[in-house]
**Q** 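Quick one: the structure is below, and I'll ask about it shortly.
Reminder, nothing fancy here: chain letters follow the sequence lines and each chain counts from 1.
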Amino acid sequence: MIPSSFEYVAPTSVEEAVKALVAGDGDAKVISGGQSLLPMMKLRLASPGTLVDINGIAGLDTLEEADGMLRIGALVRHGDLERSALIAERYPIILDAAQHIADPLIRNRGTFCGSVAHGDPAGDWATVAATLDAQLHAVGPKGAVTHSARDFQTSMFETQLGTDQILVEARIPCPKPGQGSAYLKIERKVGDYAAAAVGVMVVLAGDTITEASIGLTNVGPLTIHASAAAASLIGKSIGDAAALEEAGRLAMEASDPASDLRGPADYKKDLVRVLTKRALRKAGARAQGQEA
Amino acid sequence: MSSNLATESTVAGAIGQSPKRIEDDRFIRGKGNYVDDVQLPGMLFMAIYRSPFAHATINSIDCSRALAMPGVLACITGKDLEAHKLAWMPTLAGDTQAVLATDKVRFQGQEVVAIIAKSQAQAVDAIEGIDVDYDPLPVVVDPKRALEADAPVIRSDLEGKTDNHIFTWESGDADATDRAFRDADIVISLDTLYPRIHPAPMETCGCVSDYNKATGKMTVHLTSQAPHAHRTLFALVAGLPEHKIRIISPDVGGGFGNKVPIYPGYVVATAASLLIGKPVKWIESRSENLISTGFARDYHMSGELAATKDGKMLGLRANVLADHGAFNAQAAPTKWPAGFFNIATGSYDLPAAYCKVEGVYTNKAPGGVAYRCSFRVTEAAYLIERLVDNLAHKTGIDAAELRKLNFIQPEQFPYRSPMGWEYDSGDYDKAMDIALELVEYKALRKEQAEKRERGEVMGIGFSSFTEIVGAGMSKICDIAGLAMIDSAELRIHPTGKGVLKLGVQSQGQGHETTFAQIVASELGIPSTDIVVEHGDTDHTPYGLGTYASRSTPTGGAATAIVARKLREKGRQIAAHMLECAPDDLEFDSGTFSVKGSPDRTKTIQECIFKAYQPELPEGMENGFEDVTYYDAPEMTYPFGTYICVVDVDKGTGEVKVRKFVAVDDCGTRINPMIVDGQIHGGLTQGFGTAMMELISFDEDGNCFGSNFMDYLIPTAVESPHWTLGECTTPSPHHPIGAKGIGESPTVGSPQAFVNAVVDALTPFGITNIDMPLSSHKVWKALRDAGVSDD
Amino acid sequence: MSSKAQITVTLNGEEHEALIEPRTLLVQLIRETLHETGTHIGCDTSSCGACTVLLDGRPVKSCTILAVQANGRQVKTVEGLETADGLHPVQQGFKEEHGLQCGYCTPGMMMTSVALLEENPDPSEDEIRKAISGNLCRCTGYVNIIKAVQYAAKQQQGVGA
């Protein structure tokens, strides 16, 4: 299998890349890792006229904490996150997700930002970004714009990112004291998209939940930020089984999965319920230093 | 067994040793030679436009846009092939199959137009330039629907065909079986689908057809498990003189039955090379492989097992609806439309049995290949072993005890089964006992009871299968009239090193190593002194190929016998040189010695060198070579007991295989390292079958499972750990006592996984889940039974 | 038709120049232009890993990278594993432990294994299973592949000690 023909440009600056996108007049695509785009092109499900390869642009591989934010540049690969000591120490939800995205070879190539920009509700990073309330920094012909990860995706494979914009960096608030997080994914095998996955973040004061956030993967046309489920937890104890069950139920209500080869919709909804409870327990244990 | 037990040899690389594989030296260097590696000067490329519809009339085909595209040289349609009488071809099952569709398309993915271009990319680009005008027809996906009186007739091309019925095949004694059921205290019934799956070797199918106008010779580099049979079929289909056809099956990247049939792509590429006079390469994409070539199984089975309340089995009855897709392209001996499904009584001494199999056409890809099994044995073993475990649950008798109560006993062999097979040998209790010990059965049952108290879900599943392999037996088995024999030609050069040429063809089984080991044992020459050649029809003797675990039973037997013929020649020469009678000589590990005078010896190498010298025994010709064609007197019957232990997550339905013990008896083990490797691989494929692999269709005949995102092959993470045990009951009729191993694990294992999961769910009243045991199916069974996640 | 691209790629230590269509996949460049056919193609969906090569030392699927993206970079394939000193320990391991049958997945599997051992010289079985989970094998059930990697790890540690 081989893609249709296209023009290829390899700019060395973001400005040049934006110019190439503008010149492409809506028919140009950014390629970073290319691990979602190239398979679609090989199957002729996508046939962009121009590919703008940003791999040669210096400075897009930032992975560091600065000014209270974790900065993840456009060329930070899944594998970089998986191997990062900073991530392992401070962002368990990111490590959880990184270990279950696609397979280890894809992870050496695919990028966090590229996955988010792909606008796929099956994308694990979009859920993690929404759960952690990431800011998405893009650059277009009119300069820089910032999007919230929680309303970034507009429909299946569509985002707020213009066809002439490049997502250059995601910024995630650094964890607060008492914060714990987790990402649980049910996949049929390594390399599969989630039948359902749940990301959670909680902040605890003692046993009491003071902040919570819940994101859902591949259980609806959009990445889901289950805000009502999260809100129901505030003021509750992390050990309160009924509260966790209720959060699971509300998360399930927020989901809207379609039946497919990964299972019927009612199965996926129930997975959301079960995984939400389990992820909350895991995040709680992490917040309390009881689990890595 | 022969008086010279092959396993006794101390020669380097003899049977029973595990020399490293000869073939690996090229594979680990990236120097294997697969069909797609063949690059010839001036080579053209072929791509195939396939039907998007499962059933539709073709009104017209317009290739003009494609022909105008860069690099496109030709677009071949069914009409073009009709002019050469090549639009249709015979299948191995005696049906016909469209090479390129003419009248209508009958499954999604059917071949319609072949595009020949200068590059592969240009050929693929031009698929978008093919315009076909279709009238969609009603689609038949469900084989039960296919048999209804008002169902659309799929094979309107067959004269007088008014329904979708292909065949009805019966075996056993229906009346005696009915009587057994009347006398029974208990009848266990099971309706189950052994779903459609695919062998999916890592290398897809393909060919490079290379016609030489000057010599009139057609050389086809082909992904073939049966190059000689394919040459004959090419001669019969294409009308080419057989001596002008050379099939070269180079290194084959896995076969598992997928590379037994002849596919339309091979035929069109060959026709194109013939017409254009240049080499034409066609390599399937993965999705083409999964949607159009040789699927396996798709057996809708209704089984009943009759027993006394004490667990003594009385009779087996099976009714099967076999979905063969749009053309009956099953790969099995021609006289066996349901293969050897009548091995379904398995390891049990059942007094009565009867089965009926009906084959039907549906709007799905054709096939019915024996995916890593001897023809339909997998389905048969699944049915009986599922029934037996359900009988155990029903009677409350322990599943292991119940099996032992009903096993055919060692003294009953040769054992005549109620559906007509004569089992050569077996010791089923022994395999079971070894397995029970390895798995620590008593402790497991105790643990299970404790876990159940705590609300945890754990199961133990059994499979005590008996296979029938090694076809074999030309009096009952042929393919398209060709006797299912196989061959070996052995030529030893003057310095004692030689070449063994085989009719069978390796796809990863390690023939270059193991067949040399047979020679090593029989002739006393180190195995590394023998080069094994196979796959090139111009340079190897005729044979029916490698599938159905037949290489060792047939080709291995031929190898042993041809080596013995040469050993006898060596004996004559040794006697001549030692001036004694041939009968006065003993042979051990490559040396002839005079009985009673152990210092008077000649090595086999000395005898071989003498064979190329003057002054041979009176009337003996020079040279040291011979050929044997072996027609097996009987099938072989490998067996084993597998035990699987699973834990089930009540919240998600996920099944974790915690432990799996496999005890196999394949008779003599030529190379134990390779035998273990075969078992590991087969078990993992069986795990895939049981847990995740599936080709399914929607009601419009759209195929799901058309790529590796949807057709799920286990990775190293999902694949369980395997614990192997062995017992050895040599085949009494095979020259070296070997039975074949490649397929036992795929035949034996799927039901062990399913039995384990059903055992886990028995407390909730669940008696069956059909494969694959996807988490959502297990979850549904649990929730339907009112089981919550806590 | 799109314009062709001139690239320079170092394959197994040897620099090659090529004029290619941008849509050419790295695996096609390696197999068809540079005629090293040890790297295989097993699927269309980046699922199987038969095409695994090392790009600047990292194992990647060469069917899901454009050849132009390898411009100016180092590519290593199975053909580059053996040196004047002999077989790579991973190659030895695959032979010694019967880590292959049909051989089709083997080159990709070995490249992933080589990269694993460079990053983690003494991996556990679980780490090996995870590391090779982007490479499908239909023959071995992975059992002896894992042993092959463990064999290579021991060999390398022995040499280093």
**Q** Please list all pairs passing the salt bridge (charged side-chain N to carboxylate O under 4.0 Å, His left out) test where one or both residues lie in residues 186-199 of chain A, with sequence neighbours left out.
**A** A:K185-A:E187, A:R188-A:D192, A:D192-A:R262
**Q** Hey, can you tell me if A:H78 and A:W125 have their rings parallel, tilted or perpendicular (30° and 60° cut-offs)?
**A** tilted
**Q** Count the heavy atoms of every other residue, nucleotide or ligand shown that sit under 6.0 Å from CG of B:D131, and state whether that count exceeds 12.
**A** yes
**Q** Who wins among A:D103, A:L271, A:D270 for the most heavy-atom pairs under 4.5 Å with chain B?
**A** A:D270
**Q** Are any non-hydrogen side-chain atoms of B:L290 and B:F708 less than 4.5 angstrom apart?
**A** yes
**Q** Under a 4.5 Å cutoff for heavy-atom pairs, which residue among B:K780, B:M692, B:R783 has the most contacts with chain A?
**A** B:R783
**Q** Just wondering, are more than 12 heavy atoms of other shown residues or ligands nearer than 6.0 Å to CD in B:E699?
**A** no
**Q** At a heavy-atom distance under 4.5 Å, which candidate from B:M691, B:E128, B:Q120 has the highest pair count against chain A?
**A** B:E128
**Q** If you count heavy-atom pairs under 4.5 Å with chain B, which of A:P264, A:A241, A:G263 comes out on top?
**A** A:G263
**Q** Is A:K268 in contact with chain B via its backbone, its side chain, both, or neither, using a 4.5 Å heavy-atom distance?
**A** neither
**Q** Is A:L261 close to chain B through its backbone or its side chain, or both, or neither, when contacts mean heavy atoms under 4.5 Å?
**A** both
**Q** Can you check whether A:R77's main-chain N or O pairs, donor with acceptor, with A:D80's side chain at less than 3.5 Å?
**A** yes
**Q** Is chain A contacted by the side chain of B:R286, its backbone, both, or neither, given a heavy-atom distance below 4.5 Å?
**A** neither
**Q** Regarding B:Y371 and B:T689, is there a side-chain donor-to-acceptor distance under 3.5 Å anywhere?
**A** no
**Q** Let me know if B:M709 has heavy atoms under 4.5 Å from chain A in its side chain, its backbone, both or neither.
**A** both
**Q** For chain A, which candidate among B:S285, B:S775, B:A121 shows the most heavy-atom pairs at distances under 4.5 Å?
**A** B:S775
**Q** Taking side chain as everything from C-beta outward and backbone as N, CA, C, O, which of these in B:T652 sits under 4.5 Å from a heavy atom of chain A? Side chain, backbone, both or neither.
**A** both
**Q** Do A:I186 and A:V274 make a side-chain contact, defined as non-hydrogen atoms from C-beta onward lying under 4.5 Å apart?
**A** no
**Q** Compare all side-chain heavy atoms of B:P714 with those of B:E693 and state whether any distance is below 4.5 angstrom.
**A** yes
**Q** With a 4.5 angstrom heavy-atom cut-off, could you sort out which part of B:S287 is near chain A: side chain, backbone, both or neither?
**A** neither
**Q** For A:D266, is it the side chain, the backbone, both, or neither that has a heavy atom closer than 4.5 Å to a heavy atom of chain B?
**A** both
**Q** By a 4.5 Å heavy-atom criterion (distance strictly below it), what part of B:D698 contacts chain A: side chain, backbone, both, or neither?
**A** neither
